[in-house]
Amino acid sequence: MARILIVDDSPADLKFLETALQGARHQVTALNDPAQVEAVADQVRPELLMVDVVMPGRNGYEVVRGLRKQPGMEALKVVFVSSKGNETDVKWGLRQGADDYLVKPYTPEQLMTVVQKLVG
């Protein structure tokens, strides 16, 4: 069981992720406001961050850069979850520090394959 923080401005996408991950017995914290990520991550100490790329106010790349500056977050595994799915988007996401990239829409099976690979 892993501690997973998910961040997405879409309530439907958050609920889908949360339901699938909790069904696999992971401890899930869901946020729809990217401005709260550092404070919540400091409390939760996640092993995996699943974050949307396109969000109002602060995009997923900025969220990851902010988290990586926090002590103890250097080894955090990151998956970008985005509808921006062309090859250059995926390559850019990986260059920004992601360990994997999941393109919306995705199946619960695809989600669990990525999670299993990164946190077991």
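At least one side-chain heavy atom of Ile6 sits under 4.5 Å from a side-chain heavy atom of Leu14. Side-chain contact between Pro11 and Asn32: absent, with no pair of heavy atoms (C-beta onward) separated by less than 4.5 Å. Contact annotation: the side chain of Val44 never approaches that of Leu5 to less than 4.5 Å [non-hydrogen atoms, C-beta and beyond]. With contacts defined as side-chain heavy-atom distances shorter than 4.5 Å, the pair Gln27/Gln22 does not qualify. The side-chain heavy atoms of Gln110 and Leu102, taken from C-beta on, include a pair separated by under 4.5 Å.
Taking both residues in full, the closest heavy atoms of Ala41 and Leu67 are given as CB-CD2, 3.5 Å, listed atom of the first, atom of the second, then distance. The shortest heavy-atom contact between Leu94 and Asp99 is CD2-C, 4.1 Å. Closest approach of Ala24 and Met112 over heavy atoms only: CB-CE, 3.2 Å. Nearest approach of Lys84 to Tyr101, heavy atoms of both residues: O-OH, 2.6 Å. The minimum heavy-atom distance linking Arg45 with Gly72 is given by the pair NH2-CA, 3.6 Å. Here the closest heavy-atom approach between residue Leu76 and residue Pro46 is recorded as CD1-O, 3.3 Å.
In the hydrophobic cluster analysis, where Ile, Leu, Val, Met, Phe, Trp and Tyr join through side-chain heavy atoms closer than 4.5 angstrom, Leu118 is grouped together with Val81. Taken together through direct or relayed side-chain contacts under 4.5 Å among Ile, Leu, Val, Met, Phe, Trp and Tyr, Val51 and Val40 form part of one hydrophobic cluster. Under the 4.5 Å side-chain heavy-atom criterion for ILVMFWY residues, a single connected hydrophobic cluster contains both Trp92 and Phe80. Using a 4.5 Å cut-off between side-chain heavy atoms of Ile, Leu, Val, Met, Phe, Trp and Tyr, with links allowed through other members, Val37 and Leu48 fall into different hydrophobic clusters.
Each of Val78, Leu49, Asp52, Leu31 was evaluated against Val63; a single residue qualifies, Leu49, per the side-chain contact (heavy atoms from CB on, under 4.5 Å) test. Checked options Asp100, Asp13, Leu17, Val7; the residue passing with Met50 is Leu17 (criterion: side-chain contact (heavy atoms from CB on, under 4.5 Å)).
For the atom pair CE of Met1 and CG of Leu21, the computed distance is 12.5 Å after rounding to the nearest 0.5 Å. With rounding to the nearest 0.5 angstrom, the CD atom of Glu62 is 10.5 Å from the CD atom of Gln96. Interatomic distance, Arg65 CZ to Asn59 CG, rounded to the nearest 0.5 Å: 6.5 Å.
By the 6.0 Å contact criterion, CD on Gln70 is enclosed, its count of non-hydrogen atoms from other residues, nucleotides or ligands being greater than 12. The environment of CD in Glu87 is sparse: at most 12 heavy-atom neighbours from other residues, nucleotides or ligands sit within 6.0 Å.
Annotation: Phe16 is in aromatic contact with Tyr106 [ring centroid separation under 6.0 Å].
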Evaluate Glu47 against Arg3 for side chain to side chain contact (heavy atoms under 4.5 Å, CB included), listing each step before the verdict. CA-CA 5 Å; Glu47 299 162 68; Arg3 289 181 313 279; 3.5 Å; yes
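Ser10 and Asp8 are not linked by any side-chain donor-acceptor pair at a separation below 3.5 angstrom, with hydrogens and angles left out of the test.
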